[in-house]
Structure formats: structure tokens, C-alpha cells
Amino acid sequence: MSQRSCLSVILAAGEGTRMKSALPKVLHQIAGLPMVAHVVKAAEAAGASGLALVIGHGADEMRKAAARFAPKAETFEQEKRLGTAHAVIAARAAISNGYDDVLVMFGDTPLIDADALTLARRRLAEGAAVVVIGFRPPNPTGYGRLIEKDGKLTAIREEKDCSEEEKKIGFCNAGMMAVAGAHALKLLDAVGNKNAKGEYYLTDIVEIASAQNLDVVATEASFESALGINNRVELAQAEAIWQQRRRYDAMLSGVTLIAPETVFFSHDTEIGADTIVEPNVWFGPGVRIASGAKIHAFSHIEGATIASNCDVGPFARLRPGADLRNKAKVGNFCEVKQAVIEDGAKVNHLTYIGDARVGAGANIGAGTITCNYDGYSKFFTDIGEGAFIGSNSSLVAPVTIGNGGYIASGSVITESVPDDALAFGRARQKTIPGKGKELRERFASAAAAKKKAAGADH
Ligand code: UD1
Ligand code: CA
């Protein structure tokens with residue numbers, strides 16, 4: 001089958017009024033990726049080399065977004081929404097390029113998996129002219145019903161056009177179809193609009209093809225993979241299903257999730273075997289974790305690279321550009337942004353490291369802050385191998401701490417420190433014997449005098 005060429009036509013012209021959003025419906029995200037981009041990924045995974053995106057509502061925004069998530073896709077604008085067949089025909093120029101298989105997909109059905117599409121393509125390879133992807137929803141109301149006779153699909157009847165008898169059919173049209181390229185345009189051009197809604201229904205090609213004695217069949221996909229998103233409740237349902245699938249994959253590939261239902265992945269999270277993720281962890285986009293890492297509870301991680309055997313959290317925040325090398329440690333209430341934490345370095349408590357390098361084996365004391373921003377520009381802090389930064393130090397960038405440099409606690413470091421030097425950046429301590437007692441007595445008698453004066457007023 002792999003030698004058969006395939007075009008995926010993705011319908012995404014609808015407005016999606018029920019989302020109540022300024023954003024076109026199909027650009028709403030699941031796992032940090034627009035739902036239509038999930039559809040594109042599934043099409044590509046099923047072997048589609050051509051991608052035609054049919055847009056309409058919010059066309060400019062859609063074009064801009066498509067350039068990012070599907071740069072190879074050609075966009076076609078459907079000026080008026082006259083129905084799903086009319087929408088497919090908007091991509092006539094792509095279809096007439098002569099693909100073997102044409103997959104029609106919906107931009108608002110983001111959980112469709114490549115297996116369901118591959119199965120449909122296989123039936124085309126076996127000689128079918130039209131393959132409809134069906135499913136059995138718990139409640140079929142609103143869906144087109146699949147009318148079968150002797151193992152062949154003879155028609156799809158939209159709910160509004162169904163007889164009472166037909167409404168009882170549980171096998172429904174998921175919306176997606178695979179059509180033999182050789183027949184596609186001829187079938188589509190034969191569709192009319194004499195139905196309850198006055199629309200050009202894609203589903204009519206089933207009856208048209210059957211009447212021409214072409215082979216028309218249905219395959220079955222899971223309810224979940226055919227879930228169409230119309231409002232934000234369904235969006236959240238799709239997110240939940242996606243997350244559940246991803247957690248299963250992670251666990252089956254060797255990642256321990258102690259409370260899987262509390263861990264949230266992004267569409268592109270990479271996570272190696274023998275990593276342990278504690279409860280309540282959030283992975284934003286762009287996270288790569290090698291093997292054997294420990295991600296402790298309540299950590300928030302995005303755009304970060306975490307090498308083998310690192311230890312992160314609890315309550316760590318790793319922001320874009322955080323790059324933890326082998327066995328590095330970032331502990332509780334620490335934030336790391338655009339910084340390399342080299343092998344075995346430790347950033348354990350209440351610290352901000354931004355625009356910096358922390359050399360191998362360095363130890364960053366509690367409360368250390370890299371002061372990287374003057375309100376206009378960002379500056380770099382370079383901390384050498386094996387350096388020791390005493391607690392509650394401020395490193396005012398640009399600044400370099402040499403290898404083995406030692407910074408006294410509470411320092412404000414504004415000048416670079418050479419290798420193995422000790423730097424103090426604070427006033428020296430002064431101790432005055434008996435002065436504490438004297439102060440205490442003075443404050444006590446002042447308070448007593450005030451109280452007495454207040455009493456005399458009454
Ligand atoms: C469609 C199917 C129905 C199926 C259901 C599954 C048809 C006629 N009906 O109905 O059998 O059970 O999906 O969810 O195909 N679109 C355009 N331009 C248009 C019209 C639609 O791009 O002119 C796009 C929409 O944005 C959407 C998709 O096509 O992504 C489906 O259209 P929609 O109107 O939602 O079809 P349904 O009535 O749900
Ligand atoms: Ca729909």
C-alpha cells in the first residue's frame with residue numbers, strides 16, 4: 001500500500017459558534033497543539049503526502065497558523081459554506097493532481113488515529129471506491145446513519161432526513177472517508193442539494209457510487225477516535241482522552257507515574273525509561289527527559305532538557321532553555337530559565353537561575369539570585385566548575401565566578417571573581433557587648449510610658 005499516493009483533504013471552514021470564541025474552532029488546542037494540527041499528524045502517519053486544508057471562517061488566521069503547524073499544506077478557501085461535499089470540491093486543484101487515495105478528514109475531530117485511516121486506505125487498495133469510517137456513539141442522535149445491505153454500504157442518511165426506522169440504527173458516520181482518487185471528482189460533482197438542510201452533502205457520494213455499482217464499504221473506528229469537538233466541554237473531554245492515551249504510552253514505555261491521572265503531557269513531551277514522575281506534574285511544550293530522572297511532585301516544566309539521572313523538584317519550575325546535564329539537581333522552589341546546569345551541579349533551594357551557566361559540581365546556596373535584567377537588557381552569569389555560592393547571594397550580571405570560586409553568604413557580587421578566590425560582597429559584622437540589653441530596656445520603658453499616658457486620658 002505504501003506505493004499508493006495519498007492526499008488528505010481536511011475540512012476546517014466552519015465557524016464553530018458553540019465554542020463562543022474569537023479563535024477559529026480548529027485552532028483551539030489539545031495538549032498544546034491546535035486540534036487541526038493533530039488531524040494533520042494523523043494524516044501524515046497514515047501516509048498522506050499531500051495535504052489540502054479547506055478554510056473559510058477566520059481564513060487569514062488559519063493560513064498563518066497552518067504555515068506553522070503544517071508548512072507543506074496547501075490552503076483552499078471555501079467562500080460560502082454550502083456543505084461538506086462543496087467544501088471538499090474547494091480543493092479540486094489538489095484532488096485533480098491524481099492521487100490514488102483521497103482521505104477526507106474533519107479539522108474538529110482531533111483524536112482520529114492513524115490506524116483507522118490506514119484501515120480505510122487498505123480497503124481502497126483492495127478495490128473499494130468509497131470507504132466510510134463508521135463508529136457507534138453511545139447516543140446516535142445528530143449523526144448520519146449508515147444504511148447497509150449484504151455487507152455493502154448503500155447510503156448515509158443525515159438525522160434530519162431519517163425515517164423513524166432508520167433513526168434506530170446505532171452504526172453512524174464519523175464523517176471521515178477514503179475515496180479512490182480516480183473516482184473522487186466525478187462522484188463529488190454529482191452531489192446535489194435536495195435535502196432538509198439544502199446543503200451539498202459529502203455523504204451523498206455513497207448512494208451515487210452504489211448506483212454506479214462501485215464498491216462502497218464501511219470500517220469501524222472507536223467512539224473516542226471519532227469524537228467531534230463543538231464546544232469547550234467536548235474540548236476538555238478530548239484533552240482528557242488524549243492525556244489518558246499518552247499516560248498509558250508513557251507507562252508502557254517504562255516511565256513510572258505514581259498517580260497518572262495527575263500528570264499532564266504536551267503533544268511533544270519526550271520522556272525516557274526509568275524516569276519516575278511523582279503526582280501533580282505539568283509538562284508544557286518542548287520538554288525532553290532522558291532516562292532515570294526523578295521529577296518530584298508539583299513541578300512545572302516547559303521547554304527544558306533534562307539529562308539522565310537528574311533530580312527535579314518538588315515544586316520546581318523549569319522554563320524554556322533550562323538545560324540540566326547528567327545528575328544535576330534543581331530542588332524546591334527554584335526557577336531555572338535559559339541556563340545550563342552542568343553535570344552534578346546542585347541548585348537546591350529557593351533560587352532563581354536565569355541566563356547562566358552553572359559549572360559541573362557547583363553548589364548554589366539557598367536563596368541565590370542571578371540578577372539578569374536591568375529593565376532593558378538581559379545579561380549572562382557564568383559560574384565555574386566546583387564553585388560554591390553562599391546562601392542569599394545576588395550575582396549581578398554580567399559577572400563571572402571562576403572555577404572553585406567561593407562566595408560568602410549574603411553577598412551582592414558585582415565584579416567577576418577569579419578561580420579559587422573567596423569573595424565577600426557585604427558589610428563586615430560588628431558586635432557590641434551589652435548593647436542588646438541596653439536597647440531592650442530603653443524600648444521597654446518607652447512602651448510603659450506610652451501605656452501610662454493613654455490610661456491617664458480616660
Ligand atoms: C457530518 C456528517 C454526518 C456525520 C457527522 C460526524 C455530512 C453531510 N454529515 O455532519 O453524517 O455523522 O459529520 O460528526 O457530511 N465544513 C466545511 N464547509 C462546509 C460545511 C462543513 O468546511 O460547507 C466542515 C466543518 O467545519 C466541519 C466538518 O466540515 O469540520 C463537518 O461539518 P458539520 O457541519 O459539522 O457536519 P455535521 O452536521 O456534523
Ligand atoms: Ca459536526
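Order of listing sets the numbers, starting from 1, for every ligand and every atom in it. Everything quoted here is computed from the prediction, not taken from an experiment.
Of the listed options I156, N173, D108, N173 places a heavy atom closest to atom 12 (O) of ligand 1. Between atom 18 (N) of ligand 1 and the options H57, Q78, M105, M177, the minimum heavy-atom separation is to Q78.
Near G14, the atoms of ligand 1 lying under 4.0 angstrom from a non-hydrogen atom of the residue are 22 (O), 26 (O). Taking every non-hydrogen atom of A87 and a distance limit under 4.0 Å, the qualifying atoms of ligand 1 come out as 17 (C), 18 (N), 22 (O). Within ligand 1, the atoms closer than 4.0 Å to a non-hydrogen atom of G144 are 3 (C), 4 (C), 11 (O), 12 (O), numbered from 1 in the order shown. Set against the non-hydrogen atoms of L11, the atoms of ligand 1 under 4.0 Å away are 22 (O), 24 (C), 29 (O), 30 (O). Of all atoms in ligand 1, listed by their number and element, those nearer than 4.0 Å to a heavy atom of R81 are 18 (N), 19 (C), 23 (O). Every atom of ligand 1 with a heavy atom of T84 under 4.0 Å away is listed here by number and element: 7 (C), 8 (C), 15 (O), 20 (C), 21 (C), 29 (O), 31 (C), 32 (O).
Judged by the 6.0 Å and 45° rule, R247 forms a cation-pi pair with F264.
Side-chain atoms of T75 do not come within 3.5 Å of backbone N or O of R63 as any donor-acceptor pair.
Contacts between C172 and ligand 1, counted as non-hydrogen atom pairs separated by less than 4.0 Å, are absent for every part of the residue. No part of V26 comes within 4.0 Å of ligand 1, judged by heavy-atom distances. Contacts between K25 and ligand 1 below 4.0 angstrom, taking non-hydrogen atoms only, are absent altogether.
Every N/O-N/O distance between L202 and ligand 1 stays at or above 3.5 Å. Considering backbone and side-chain atoms alike, A13 places an N or O below 3.5 Å from some N or O of ligand 1. Between Y143 and ligand 1, not a single N/O pair is under 3.5 Å apart. For T203, no nitrogen or oxygen atom sits less than 3.5 Å from a nitrogen or oxygen atom of ligand 1, counting backbone and side chain alike.
Salt-bridge formation is not detected for the pair D204/K194: no Lys NZ or Arg NE/NH1/NH2 atom is positioned less than 4.0 Å from an Asp or Glu carboxylate oxygen. A salt bridge does not link E61 to K64: none of the charged side-chain nitrogens sits closer than 4.0 Å to a carboxylate oxygen.
With 3.5 Å as the limit, one finds no donor-acceptor pair spanning the side chains of T370 and N372. Between Y373 and D355, the side chains place no donor N or O within less than 3.5 Å of an acceptor N or O (distance only, hydrogens not considered).
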inquiry  = Using side-chain hydrogen bond (donor to acceptor under 3.5 Å, both in side chains), reason through N231 and K20 one step at a time and then give a plain yes or no.
reply    = CA-CA 8 Å; N231 57 43; K20 309 238 159 81; over 6 Å; no
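Nearest heavy atom pair, residue S253 against residue A273, reads O-CB, 3.8 Å. Between A128 and V217, the shortest heavy-atom contact is CB-CG2, 4.1 Å. Taking all atoms of both residues into account, the shortest heavy-atom contact from G50 to Y99 is CA-OH, 3.6 Å.
No side-chain heavy atom of Q244 sits under 4.5 Å from any side-chain heavy atom of E224.
Residue contacts with ligand 1 leave out G228, since none of its heavy atoms falls under 4.0 Å from the ligand. Between G83 and ligand 1 there is a heavy-atom distance shorter than 4.0 Å.
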